[in-house]
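To start, the structure itself, in structure tokens.
Throughout, protein chains are lettered first and strands after them, A, B, ... in sequence-line order, and every chain is numbered starting at 1.
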Amino acid sequence: MALTRTENSFIELRKQYIEKRFSNLNPVQRSAVLKTEGPLLILAGAGSGKTTVVVNRICCLLEFGNAYESDELARPVTDKDVEELRNALETGELTSSIRPLMKTGVIKPWNILAITFTNKAAGELKNRIEAAVGSDGLDVFASTFHSACVRFLRSDAELLGFPRSFTIYDTDDSKRVMKEIMKDLSIDDKLFPLNPQLSKIGRYKDSMTSPEEVTATAKEYRDRVTAKLYSEYQKRLKQAGAFDFDDLIYFTVRLLREHEEVREKYQRRFKYIMVDEYQDTSYAQSLLVRLLTGSERNLCVVGDDDQSIYRFRGATIENILGFENTFSNTKTIRLEQNYRSTSHILNSANSVIKNNKGRKGKTLWTNNGDGDKIKIICSDTEQEEAELIAKQITDNLNSGIRLKNQAVLYRMNAQSNAIENYFARAGIPYRVIGGQRFFDRAEIKDMIAYMCIVSNPADDLRLQRIINKPSRKIGAATIGELSRIADGLGVPMLEVIRDADDFETLSKASNALKNFYRIYQKLCDTLENGTLEDFVRDIIDSTGYRAMLTAEGDEGETRLQNVEELISTVKQYEQENEDGDLDRFLEQVALVSDIDSYDENTDAVVMMTLHSAKGLEFDCVYIAGMEEGIFPGELSRFDERETEEERRLCYVGITRAKKKLTLSYSKSRMLFGQTRRNRISRFLDELPPECVELPVEPERKIERTDYRSRNSGSVTLGSQASSIRQPKPAVKNNAVYMVGDRVNHRVFGDGTILSVTELSSDMLLEIDFDTRGVKKTMANYAPLKKL
DNA sequence: ACTAGCCACTTTTTT
DNA sequence: AGTGGCTAGT
């Protein structure tokens with residue numbers, strides 16, 4: 001039906017109004033916000049304001065529905081309506097009579113599904129939506145893949161033969177199960193190491209390959225063993241009513257695939273779907289997204305192929321590279337303007353990443369000024385590295401950058417030790433994100449295990465963990481017998497314990513088992529009749545756990561404190577979640593990561609792995625361990641695909657920095673209990689020389705701040721060790737520099753060269769100046785003369 | 001059944 | 001280097 005002239009002008013003005021509503025965005029961002037219908041691929045460079053786009057896109061949907069791309073009108077329009085809208089464009093004020101005309105399509109907050117990478121990101125997204133559109137925003141379904149899947153499975157897991165109150169196994173649990181399987185099947189875990197087998201199984205799940213399929217196709221002996229392990233592993237998890245992390249995705253996909261009514265339920269509900277960090281999705285996850293997407297295909301994925309860093313856990317970069325092929329008529333939008341970093345930092349990032357081949361290719365640009373150049377610092381040991389980084393941090397603190405805006409990033413968690421040690425001694429407040437999580441501590445896992453068996457009585461694994469903790473005279477022999485009987489009958493171990501009297505072989509342990517069952521029943525009672533907090537307190541006391549810890553002395557004392565902390569966690573959980581129950585709490589515990597609880601308001605230096613830093617930004621970023629064998633890691637050095645992944649990780653690291661970036665390497669480092677000397681990371685060579693700092697520092701004593709303590713002032717750059725190193729001649733500008741040469745520096749005067757280090761196209765010289773101490777300079781940039 | 005002491009392994013990165 | 005698992009001895 002043709003539109004009248006009045007209608008046409010109204011629709012045209014409506015578009016203008018909506019555009020104006022988002023005039024705070026740049027034109028590219030705005031086009032991404034307004035394109036609400038059909039498949040959309042947003043290639044969002046680091047710091048390009050992609051979260052802002054996602055938030056605004058959701059706002060747009062909630063405020064205007066699909067009005068921007070639609071000809072629909074809620075009622076016939078008159079010339080008066082057109083006039084009022086024209087006024088509204090001037091004043092920004094909509095009259096109540098035309099307001100209903102501004103929105104088309106029925107879009108409620110719960111029709112929008114937004115998948116993020118971490119729980120923290122989901123929370124932030126919700127907060128920002130709430131801030132923009134009010135409490136309606138809270139009903140937008142924003143969560144991670146894993147949390148979303150748990151929600152779906154909670155309502156329909158029975159269709160797959162799992163209980164609704166299923167348990168979620170973490171990596172640790174998986175290992176335990178696998179170890180047991182290997183023992184039962186007499187498979188040598190030297191020949192078939194645990195981790196590779198488990199990750200193989202994980203990759204099978206990522207590619208939606210069932211145990212049956214693997215068994216059918218496995219020809220070689222090793223593959224047949226893996227197939228056997230996989231089948232057995234799944235069998236046991238099912239018996240225990242448990243999913244591991246990969247299962248959550250795998251079984252949700254199966255649920256949606258095999259049950260049309262469930263699939264349609266969600267397709268009807270989620271009219272608009274958005275997926276963030278799409279470059280880090282697995283094949284199974286991309287399938288999941290496809291299954292949730294209805295025939296309208298209102299799917300928007302956001303990602304940056306250069307920031308794909310989770311290949312090791314099944315992410316495939318092909319998802320984002322091939323999105324346009326999977327979804328025909330995809331509109332692709334590139335956000336390339338960076339609002340975060342200075343151009344020296346950005347150019348460095350560009351220069352590093354351009355060495356990768358498999359990428360869509362894009363170049364970030366910024367209007368921010370050049371800013372400071374990239375600092376490179378070099379040390380002899382990892383202790384000294386920590387010291388030098390600390391020095392930079394306090395320098396920057398003195399120039400007004402708060403500690404919370406400074407972050408130390410590294411490749412592996414193990415690197416944090418040396419840095420932590422120094423910071424602790426120097427009195428620099430710091431926080432470490434990641435590493436061992438609170439919920440990974442043994443005593444906390446014990447508490448959780450008690451909670452789990454009440455929630456899911458079939459959870460034999462958790463049961464075994466705590467059945468004799470504290471000691472109840474139930475030993476390995478008894479547990480073995482229990483497990484045998486339970487297996488034979490196909491019932492949970494807990495049932496066998498209940499009926500212990502019926503089994504001859506358990507007669508000796510009968511009393512101990514009855515005693516345990518009484519405790520179990522008491523816990524069930526407490527949960528039934530009280531709050532979660534009562535329940536946890538009861539676990540600590542009734543099980544004798546407190547008594548056990550108290551008896552242990554001061555070791556136990558700290559562990560008791562951790563347990564007490566769990567109580568306050570539970571308490572807080574109950575306060576924040578009205579409808580929270582035990583299952584919900586346990587699932588949260590299973591799915592939170594350390595980064596989720598990272599609070600940016602505490603004023604302390606942040607330390608974390610480069611992986612954890614994804615999505616964050618800091619004024620100052622220090623990346624430690626820029627060495628071959630560390631970063632890129634030893635295993636990645638000779639595999640091109642792996643090296644490219646490391647390079648992307650480096651790109652992620654560099655682009656976290658807003659103002660200052662410091663890269664650090666150490667000439668020697670203690671790792672795996674051995675001291676190793678590593679070459680400088682190739683990534684340093686890939687930096688553009690013009691962005692790297694000429695280390696001509698203004699001559700000033702490092703002011704001691706309150707944070708620095710005694711004894712850390714004597715910073716010795718360049719020890720004898722460095723002068724022993726093989727002299728490499730630096731040829732540039734007709735000058736050849738060798739270790740031991742005497743040189744003159746226009747600012748620092750005369751000195752002796754301590755070391756020559758090849759760096760990019762230049763040479764890094766370490767010079768011991770007669771009057772000014774040891775400094776580092778670039779051969780090409782420094783005002784140097786050979787004497 | 002429990003404990004102490006020894007050995008081996010870890011190391012990528014995480015939901 | 002540190003931790004956790006295993007063995008052997010009580």
Nearest-nucleotide wise, let me know which of A/Thr118 and A/Pro193 is further upstream toward the 5' end of DNA chain B.
A/Pro193

Partner of A/Phe631 under side-chain contact (heavy atoms from CB on, under 4.5 Å), picked from A/Leu663, A/Leu409, A/Leu610, is A/Leu610

Let's see if you get this right: which residues in residues 411-420 of chain A place a heavy atom under 4.0 Å from DNA chain B?
A/Arg411, A/Met412, A/Asn413

Cation-pi check for A/Phe312 against A/Arg203: NZ or CZ below 6.0 Å from the six-membered ring centre and within 45 degrees of the axis, yes or no?
no

Just how far, in rounded Å, is C1' of B/dT15 from CD of A/Gln285?
9 Å

Just checking, is any N or O donor in the side chain of A/Tyr233 or A/Asp244 under 3.5 Å from an acceptor N or O on the other one?
yes

Calculate the interatomic distance between A/Leu288 atom CG and B/dT15 atom P; express it in whole Å.
18 Å

When you measure from every atom of DNA chain B, which of residues 172-182 of chain A have a heavy atom less than 4.0 Å away?
none

Just how far, in rounded Å, is C1' of B/dT12 from CG of A/Leu409?
15 Å

Is the closest side-chain donor-acceptor distance between A/Glu385 and A/Gln383 under 3.5 Å?
no

Run the salt-bridge test on A/Arg648 and A/Glu645 with the 4.0 Å N-O cut-off and return the result as yes or no.
yes

Provide, to the nearest angstrom, the distance between the CD1 atom belonging to A/Ile630 and the C1' atom belonging to B/dT13.
13 Å

Contact check, side chains of A/Lys50 and A/Asp276, non-hydrogen atoms, under 4.5 Å:
yes

Separation of A/Lys120 atom NZ from B/dT15 atom P, in whole Å?
12 Å

Quick one: sort the A/Phe243 and A/Phe251 rings into parallel, tilted or perpendicular, breaks at 30° and 60°.
tilted

Rounded to whole angstrom units, what separation is found between the CD atom of A/Gln464 and the C1' atom of C/dG5?
16 Å

When you get a sec, tell me which of B/dT13, B/dT12, B/dA1 is the closest nucleotide to the side chain of A/Leu635?
B/dT12

Parallel, tilted or perpendicular: rings of A/Phe270 and A/Phe141 (30°, 60°):
perpendicular

5' precedence on DNA chain B between A/Phe245 and A/Leu671 (nearest-nucleotide basis):
A/Leu671

Give me the one residue out of A/Arg679, A/Lys667, A/Arg411, A/Arg669 that meets side chain to side chain donor-acceptor pair (under 3.5 Å) with A/Glu627.
A/Arg669

Between A/Glu642 and A/Arg311, is there a salt bridge with N-O shorter than 4.0 Å?
yes

I'd like to know if A/Arg462 pairs up with A/Asp173 as an ion pair, taking the criterion as any Lys NZ or Arg NE/NH1/NH2 lying under 4.0 Å from an Asp or Glu carboxylate oxygen.
yes

Does A/Arg484 come within less than 4.0 Å of A/Glu481, counting only side-chain N to carboxylate O?
yes

Give the rounded distance in Å between these two atoms: CG of A/Leu194 and P of C/dG5.
11 Å

Under 4.0 Å, counting only non-hydrogen atoms across every strand here, what does A/Asp244 touch: a base, just sugar-phosphate, or nothing?
nothing

Has A/Tyr310 got its ring stacked on the base of B/dT14, with centres under 5.5 Å and planes less than 30° apart?
no

At 4.0 Å (heavy atoms only), tell me whether A/Ser612 reaches a base, stays on the sugar-phosphate, or touches nothing.
sugar-phosphate

Take atom NZ of A/Lys614 and atom P of B/dT15, then tell me their distance rounded to the nearest Å.
10 Å

Between the protein and nucleotides 2-5 of chain B, are there any N/O to N/O pairs under 3.5 Å, and if so, what are the atom names and distances?
unit_1 : atom_1 : unit_2   : atom_2 : d
B/dC2  : OP1    : A/Ser471 : OG     : 2.2
B/dC2  : OP2    : A/Asn468 : ND2    : 3.2

Determine: side-chain N/O of A/Thr609 to OP1/OP2 of B/dT14, distance under 4.0 Å, yes or no.
yes

